[in-house]
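Take a look at the structure set out below.
Every chain is numbered from 1, with letters handed out A, B, ... down the list of sequences.
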2 protein chains.
Amino acid sequence: MPLDQILLGDSIQMMAGLPAGSVDLVFADPPYNLQLGGELKRPDESLVDAVDDDWDRFDSFATYDAFTRAWLLAARRALKPNGTLFVIGSYHNIFRVGAMMQDLGFWILNDIVWRKANPMPNFRGRRFTNAHETLIWAARSADAKYTFNYEALKAGNEDVQVRSDWLFPLCTGQERLKDGAGKKLHPTQKPEALLARVLLSATKPGDVVLDPFFGSGTTGAVARRLRRSFIGIEREEAYAQAARARIDAVEPLPEDALIAPPSAREAPRVAFSVLVERGLVTPGAELTDAKGRFRAVVRADGTLSLAGGQNVGSIHRVGALAQGAEACNGWTFWHVEEEGRRHPIDVLRARLRAEMGIAAE
Amino acid sequence: MPLDQILLGDSIQMMAGLPAGSVDLVFADPPYNLQLGGELKRPDESLVDAVDDDWDRFDSFATYDAFTRAWLLAARRALKPNGTLFVIGSYHNIFRVGAMMQDLGFWILNDIVWRKANPMPNFRGRRFTNAHETLIWAARSADAKYTFNYEALKAGNEDVQVRSDWLFPLCTGQERLKDGAGKKLHPTQKPEALLARVLLSATKPGDVVLDPFFGSGTTGAVARRLRRSFIGIEREEAYAQAARARIDAVEPLPEDALIAPPSAREAPRVAFSVLVERGLVTPGAELTDAKGRFRAVVRADGTLSLAGGQNVGSIHRVGALAQGAEACNGWTFWHVEEEGRRHPIDVLRARLRAEMGIAAE
DNA sequence: GCGTAGTATGAATCGGCCA
DNA sequence: TTGGCCGATTCATACTACG
């Protein structure tokens with residue numbers, strides 16, 4: 001595995017050389033300018049002739065589709081079963097890419113809109129200002145258990161879920177790489193903030209990120225800063241050299257600035273019976289719901305028995321029965337009274353987890 | 001030409017019965033092919049009323065593609081040479097529709113994002129909130145001389161060009177048609193504001209607008225109000241009848257009042273993570289309260305980690321935890337030191353808002 | 001009539017683990 | 001592979017009920 005390296009060569013060929021099922025995330029910013037035939041090559045590296053009649057236009061789409069299919073298949077092979085793929089594009093190419101992804105079995109999780117804070121105006125006044133680009137986020141298959149750092153994203157967003165429309169400025173100023181003459185080095189350099197949002201959303205520290213159209217190396221620079229590994233593939237040596245220098249200058253963030261906060265989903269399971277065993281709840285104690293309308297008694301084995309009936313079962317089952325609901329989270333439904341105030345029993349579980357955490361150290 | 005009428009029947013067949021080259025604009029809201037799984041419940045156990053109608057069920061992508069190809073061809077035939085087409089969809093279908101449009105020779109002018117002001121949340125926390133839908137605007141061919149009311153749109157938008165991302169609320173409240181039992185009549189009724197923006201952008205008064213998936217008749221109602229003619233095609237008689245009554249109740253606007261209203265502006269909510277992404281705060285930096293008694297470290301994802309513990313969360317939650325309070329405004333509680341002086345992080349937010357300026361919408 | 005609290009709802013591809 | 005059970009999860013708006 002060529003970790004933290006830039007591979008010089010054709011994307012499809014180089015991806016074929018990687019071990020199958022080895023990559024956690026693919027970020028792809030493929031070429032999309034269908035008008036410039038000279039920029040577009042077939043999978044076999046042959047040049048597509050510039051064309052202008054109907055049949056040739058069809059030929060152009062077909063060629064682009066073949067190219068898209070080939071690199072998507074190679075990326076799919078390189079991905080771990082639970083890995084995900086981001087592709088960015090504009091209306092010129094994104095519809096073809098998205099349809100091909102569906103055809104190949106990728107499972108779309110979101111389409112995401114990068115709203116440009118400072119887009120280029122439409123000078124001719126013949127269309128709406130083209131003020132966004134589209135990202136497609138997809139899992140390798142419909143049943144994949146993909147990474148999504150939901151809690152961390154929400155906590156960093158005023159405690160509200162992050163939406164599918166993201167606002168970022170273009171990559172300009174100091175961040176924009178320049179060549180020797182002071183001109184922009186790469187025509188489509190993406191802002192680091194956009195890549196940071198992508199990597200923080202769908203990877204963990206240490207994960208491997210593959211970028212088959214590496215360009216000026218934004219993916220690598222952000223990966224290094226966020227302590228992810230990267231594999232970059234770039235055909236043009238000038239871009240690869242500039243990217244290498246750029247990435248080497250990046251200082252990784254301190255590790256403790258990156259460890260994901262413990263999420264409720266990943267927290268170690270604590271059974272209600274353990275609370276009883278440890279004495280945080282006494283057998284025979286009475287639990288109520290938040291408003292005191294339903295009551296249940298704690299039994300020594302960690303089950304509950306519903307007051308006024310002979311129903312016995314788990315905190316969840318009995319909570320559901322009490323309400324006549326199909327399901328219920330007993331941890332938040334049932335409350336215990338301490339010093340005249342009602343707390344959800346989840347508070348007791350948190351207390352026990354804290355104790356256990358300290359003991360484990 | 002059946003002007004200002006609702007044709008009862010199949011879209012493709014009825015479009016075939018229209019004169020070729022007779023329509024100025026097609027607005028199409030085809031089935032999205034949602035492919036929903038089982039039931040989805042909100043955290044409060046209430047059931048989400050999903051779109052599970054027969055008309056949205058397709059066996060396979062191939063079936064959906066064949067359907068899409070057929071109606072697009074019929075619409076293309078009905079369009080005048082200089083007419084344009086709007087299609088609305090979600091990530092489930094829009095990529096297939098867009099690719100097919102390109103294959104059939106349509107020339108895409110813009111893709112447009114309808115940003116929903118009040119989208120339904122992602123209840124399970126497994127994806128980004130699906131907060132937008134996509135419209136594709138295309139001319140019949142690349143050399144068409146299409147209608148685009150650039151000056152009027154700009155004048156109605158505080159004299160700046162209208163962007164490709166539009167912000168509108170969902171169709172709810174009084175505007176939403178109800179059946180006899182007070183339930184929503186149609187599962188996917190679109191807001192009139194969205195259709196008004198479409199018609200004001202790409203048609204002149206008196207133009208003919210064809211909607212082959214008429215549903216509750218939003219296109220017809222807005223067309224009548226804006227003094228455009230419409231042709232609606234709808235398969236279900238109940239929808240057609242309700243649409244007829246709805247449209248008959250519309251009073252056309254005075255002829256001299258047909259300029260687009262200015263779009264509502266929204267104070268941008270700036271998340272703390274954006275300050276980190278933009279580099280106004282560095283991951284690893286230390287924040288304190290005003291008196292320096294509590295300390296916390298900034299993490300790369302925009303969360304804080306409280307010094308002396310493993311508590312991690314939003315600036316607000318961690319501020320509350322530090323004080324043992326129930327709630328806390330992190331923006332005013334946490335301070336950053338610059339040149340020997342402490343400022344609330346709200347000062348940084350104000351700085352960023354000033355930079356972002358107009359773009360936030 | 002006004003303010004507040006509570007309820008309803010919107011195009012949704014919305015688990016994981018173990019037996 | 002399947003079934004059962006644990007237990008995690010929501011934002012903006014509009015409307016109704018009530019004092």
Sugar-phosphate, base or nothing in reach of A:Ala327, heavy atoms under 4.0 Å: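 Result for A:Ala327 = base.
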
B:Gly125 vs B:Gly182, nearer the 5' end of DNA chain C by closest nucleotide: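 The residue whose closest nucleotide sits nearer the 5' end is B:Gly182.
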
Residue mapping more 5' on DNA chain C - nearest nucleotide basis, B:Tyr32 or B:Arg124: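 The answer here is B:Tyr32.
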
Please give the distance between the [atom1] atoms of [N] and [M] as a whole number of Å.
N: D:dC5; M: C:dA12; atom1: P; answer: 31 Å
N: D:dT9; M: C:dA8; atom1: P; answer: 23 Å
N: C:dG15; M: D:dC11; atom1: P; answer: 16 Å
N: C:dG10; M: D:dA8; atom1: C1'; answer: 22 Å
N: D:dG7; M: C:dC14; atom1: C1'; answer: 15 Å
N: C:dG1; M: D:dA17; atom1: C1'; answer: 15 Å

Taking only the side-chain heavy atoms of [X] (C-beta and beyond), determine which of [options] contains the nearest atom.
X: B:Pro121; options: C:dG10, D:dG7, C:dA11; result: C:dG10
X: A:Val160; options: C:dA11, D:dC11, D:dT13; result: D:dC11
X: B:Thr188; options: C:dA12, D:dT10, C:dA11; result: C:dA11
X: B:Lys116; options: C:dA11, D:dC11, C:dC17; result: C:dA11
X: B:Asn118; options: D:dT10, C:dT13, D:dA12; result: D:dA12
X: B:Leu34; options: C:dT9, C:dT13, C:dA11; result: C:dA11
X: B:His92; options: C:dT13, C:dG10, C:dA11; result: C:dT13
X: B:Leu170; options: D:dT9, C:dG10, D:dC11; result: C:dG10
X: B:Arg176; options: C:dC14, D:dT9, C:dG10; result: C:dG10
X: A:Arg265; options: D:dA14, D:dA8, C:dT9; result: D:dA8

Base of C:dC14 and ring of B:Phe123 stacked, centres under 5.5 Å, planes under 30°: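 No, aromatic ring not over the base.
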
Partner nucleotide of [N] by Watson-Crick or wobble geometry (both distances under 3.5 Å):
N: C:dG3; result: D:dC18
N: D:dG3; result: C:dC18
N: D:dC11; result: C:dG10

Working for side chain to side chain donor-acceptor pair (under 3.5 Å), residues B:His316 and B:Ser314: CA-CA 5 Å; B:His316 312 295; B:Ser314 70; 5.5 Å; no

Check: [N] base within 3.5 Å donor-acceptor of [X] side chain:
X: B:Lys41; N: D:dA8; result: no
X: B:Arg127; N: C:dT13; result: yes
X: B:Arg42; N: C:dG10; result: yes

Closest non-hydrogen atom pair between A:Asp289 and A:Arg342, with its separation: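 Between these two residues, the closest heavy atoms are O-CD, 3.9 Å.
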
The single option from B:Phe95, B:Phe58, B:Tyr32 passing ring-ring contact (aromatic ring centres under 6.0 Å, His included) against B:Tyr64: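 Exactly one pass, corresponding to B:Phe58.
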
ring-ring contact (aromatic ring centres under 6.0 Å, His included) partner of A:Trp137, the single match among A:Trp107, A:Trp166, A:Tyr146: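 Answer after filtering A:Trp107, A:Trp166, A:Tyr146: A:Tyr146.
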
B:Asp165 bridged to B:Arg163 by N-O distance under 4.0 Å: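 Between B:Arg163 and B:Asp165 there is a salt bridge, with a charged N closer than 4.0 Å to a carboxylate O.
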
Geometric cation-pi criterion B:Arg96 and B:Phe61, 6.0 Å radius, 45° cone: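 Positive - B:Arg96 is close enough to the ring of B:Phe61 and near enough to its axis.
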
Whole angstrom value for the distance that separates P of D:dG4 from CD of A:Glu326: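 From A:Glu326 CD to D:dG4 P: 13 Å.
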
Distance, rounded to the nearest Å, where B:Met120 contributes CE and C:dA11 contributes P: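 Going from B:Met120 (CE) to C:dA11 (P), I get 8 Å.
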
Upstream residue (5' side of DNA chain D) when A:Asn329 and A:Asp159 are each assigned their closest nucleotide: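 Here A:Asn329 is the residue nearer the 5' end.
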
A:Cys328 vs B:Pro43, nearer the 5' end of DNA chain D by closest nucleotide: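 Nearest-nucleotide comparison on DNA chain D picks A:Cys328.
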
Where the chi angle of D:dT16 falls, syn if within 90° of 0 and anti if not: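 This nucleotide is in anti.
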
Parallel, tilted or perpendicular, as decided by the 30° and 60° cut-offs, for the rings of B:Phe230 and B:Phe214: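 The rings of B:Phe214 and B:Phe230 lie parallel, inter-plane angle below 30°.
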
Distance below 4.0 Å between A:Tyr146 side-chain N/O and C:dC14 OP1 or OP2: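 Checking C:dC14 against A:Tyr146, no side-chain N or O comes under 4.0 Å of OP1 or OP2.
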
